[in-house]
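Atoms within each ligand, like the ligands themselves, are counted from 1 in listed order. We number each residue from 1, following the sequence as shown.
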Amino acid sequence: MRLLVTGAAGFIGSHFVRHALVSEPGAKVAVLDALRYSGNRSTMADFADRVEFFHGEIQDASFVEASFRAFRPTHVVNFAAESHNDRSFLDAGGFVETNVLGVQVLFEASRRHGADRVLHVSTDEVYGSILQGRFTEESPFRPNTPYSAAKAGGDLLCRAYFKSFGLPVIVTRGGNTYGPFHFPEKLVPFFCTRLLRGKKVPLYGEGGQSREWIHVADHASGIWAAMTKGEPGEAYNVGDDNERTNLAVVSAMLDELGLDKGLIKRIPDPRRGGHDSRYSMDAGKLRALGWAPTISFEEGLRATVRWFRDREDWWGPLYDRGDSQEFFARFYGASLGDDL
Ligand SMILES: NC(=O)c1ccc[n+]([C@@H]2O[C@H](COP(=O)([O-])OP(=O)(O)OC[C@H]3O[C@@H](n4cnc5c(N)ncnc54)[C@H](O)[C@@H]3O)[C@@H](O)[C@H]2O)c1
């Protein structure tokens with residue numbers, strides 16, 4: 001297997017590479033990544049000497065073509081994306097470029113070079129919000145943000161490239177993911193690193209929004225199962241039935257760190273109510289391939305909090321670099337005030 005993984009200098013992609021190197025020790029692995037704000041060489045430090053690295057953008061057709069010529073992948077897995085929903089409220093265009101155009105460029109190269117398998121990583125957010133019941137792979141797409149709409153565009157290209165050109169592409173739709181090496185900007189690492197720096201954490205309203213959480217190691221093994229055992233042309237939800245409200249998540253983190261609930265600062269939703277209230281998925285189709293998550297939410301969250309407590313050498317330089325602080329200042333504005 002010659003496995004090309006895009007976006008593996010980021011959170012989930014780096015765990016997928018670790019999983020691949022153990023599951024298929026004979027595989028040749030390459031990473032293609034633009035090293036944007038959330039993609040860092042430090043995230044790949046433990047496997048960098050075992051992979052080839054191509055530095056560039058997935059929407060750059062000549063760079064992608066040169067990388068395919070040089071590496072000749074049999075398997076292509078696409079994690080590269082603008083991945084932060086809140087950031088899409090400030091720069092929707094950049095999300096469309098990477099998450100739609102980039103996918104199309106990658107699929108064209110995969111088609112030209114006759115890849116045996118292409119796996120595209122999508123999200124449960126393409127389905128929108130659900131108040132009762134659970135999304136299946138057949139649920140309609142009702143994305144509510146520029147991020148989820150752009151992801152839905154890339155996701156729909158999977159079906160189109162399979163139907164139109166026979167590209168052997170599989171798509172996975174994963175739930176909210178947490179774990180080590182998470183850029184300190186999304187909810188769990190953002191809250192964790194702020195608390196470890198003695199700062200308050202902003203919670204929208206009563207914190208009643210509910211998300212389905214999955215540990216990054218389980219998400220990575222789910223994608224591996226879909227790639228190796230799934231059917232081309234099919235979509236697979238990757239979920240763990242672990243629904244928790246944002247308030248429950250932050251309370252568990254405060255408990256693990258031995259901190260007081262007074263560190264929660266309730267603020268109005270900066271998206272003016274545009275926050276999806278609940279995500280929930282049925283992952284039975286992937287489980288039928290023999291995959292099952294192995295890490296309970298309580299155990300996984302506690303271990304993640306301890307990882308961040310012990311690994312300031314990884315997140316400290318990223319936190320202090322200032323680009324996230326600049327984003328938070330723009331996004332939260334006055335609502336965090338002196339607590340920013
Ligand atoms: N984090 C989650 O909770 C979650 C849940 C479901 C699905 N997903 C999807 O999983 C994938 C990975 O998410 P993540 O949380 O690891 O994101 P991340 O932001 O940590 O990593 C994204 C990586 O892609 C790279 N990248 C960005 N734009 C690029 C471009 N134009 N060309 C090449 N590389 C580029 C970045 O440098 C980074 O290394 C995304 O497609 C995301 O939509 C994430």
Side-chain angles (χ1 to χ4, degrees), residues 4-17 31-44 53-61 63-64 67 76-88 91 93-106 109 119-127 143 145-155 158 171-190 211-216 218-220 222-223 226 235-240 242 249 279 281 283 304 315 318 323-324 327:
L4 177 69
V5 187
T6 70
F11 172 46
I12 311 173
S14 67
H15 285 274
F16 179 81
V17 168
V31 171
L32 185 157
D33 199 297
L35 298 179
R36 297 246 175 120
Y37 75 94
S38 65
N40 292 283
R41 289 185 188 274
S42 60
T43 307
M44 301 188 292
F53 186 69
F54 296 94
H55 182 193
E57 310 268 339
I58 55 166
Q59 66 273 32
D60 177 345
F63 161 71
V64 169
S67 308
V76 178
V77 182
N78 181 35
F79 289 91
E82 284 297 340
S83 67
H84 192 180
N85 222 329
D86 289 347
R87 279 186 182 249
S88 75
D91 170 29
F95 281 66
V96 174
E97 259 178 45
T98 292
N99 301 358
V100 185
L101 181 61
V103 175
Q104 187 265 335
V105 168
L106 207 57
L119 189 135
H120 176 67
V121 179
S122 186
T123 163
D124 60 351
E125 297 193 33
V126 296
Y127 299 125
T145 68
Y147 163 72
S148 49
K151 289 298 293 184
D155 190 320
C158 298
V171 59
T172 55
R173 300 182 186 132
N176 262 42
T177 308
Y178 68 97
F181 294 111
H182 205 176
F183 188 78
E185 201 174 87
K186 309 253 178 83
L187 193 143
V188 168
F190 171 46
R211 302 282 177 266
E212 182 166 330
W213 292 93
I214 182 164
H215 191 274
V216 66
D218 286 331
H219 194 161
I223 292 169
Y236 297 88
N237 289 340
V238 190
D240 193 7
N242 271 318
V249 173
Y279 305 133
M281 271 181 299
T304 300
W315 63 264
L318 304 177
D323 35 9
S324 291
F327 156 70

Atoms of ligand 1 less than 4.0 Å from [X] heavy atoms?
X    : value
G39  : 37 (O), 38 (C), 39 (O)
S83  : 17 (O), 18 (P), 19 (O)
A9   : 39 (O)
L35  : 37 (O)
Y147 : 42 (C), 43 (O)
K186 : 1 (N), 15 (O)
N176 : 3 (O)
G56  : 32 (N), 33 (C)

Report task. Could you go through the side chain to side chain contact (heavy atoms under 4.5 Å, CB included) check for E57 and E97 one step at a time? Result -> CA-CA 10 Å; E57 310 268 339; E97 259 178 45; over 6 Å; no
May I ask you to identify, for [X], whether its side chain, its backbone, both or neither come under 4.0 Å of ligand 1 on a heavy-atom basis?
X    : result
E97  : neither
A8   : neither
K151 : side chain

Query raised in the report: Aromatic rings F11 and H182: how do their planes relate, parallel, tilted or perpendicular, breaks at 30° and 60°?
Result: parallel
May I ask you to check if ligand 1 and [X] share an N or O to N or O distance below 3.5 Å?
X   : answer
R36 : yes
G13 : no
I12 : yes
I58 : yes
S38 : yes

Requested in this report: Determine whether K151 and E125 make a side-chain contact, defined as any pair of heavy atoms from C-beta on separated by less than 4.5 Å.
Outcome: no
Quick one: does [X] get within less than 4.0 Å of ligand 1, heavy atoms only?
X    : answer
F183 : no
T6   : no
S122 : yes

Query - For E82, all residues meeting salt bridge (Lys or Arg N to Asp or Glu O under 4.0 Å), sequence neighbours excluded - result: R36
Query - Which residue and heavy atom of the protein sit nearest atom 20 (O) of ligand 1, plus the separation - result: F11 N, 3.0 Å
**Report entry** Between S83 and K186, a side-chain donor and acceptor under 3.5 Å
**Finding:** yes
Report task. Mark yes or no: R211 above the aromatic ring of Y178, with NZ or CZ under 6.0 Å from the six-membered ring centre and no more than 45 degrees from the axis. Result -> no
Query raised in the report: Quick one: is the NZ or CZ of R87 closer than 6.0 Å to the six-membered ring centre of F327, and within 45° of its axis?
Result: yes
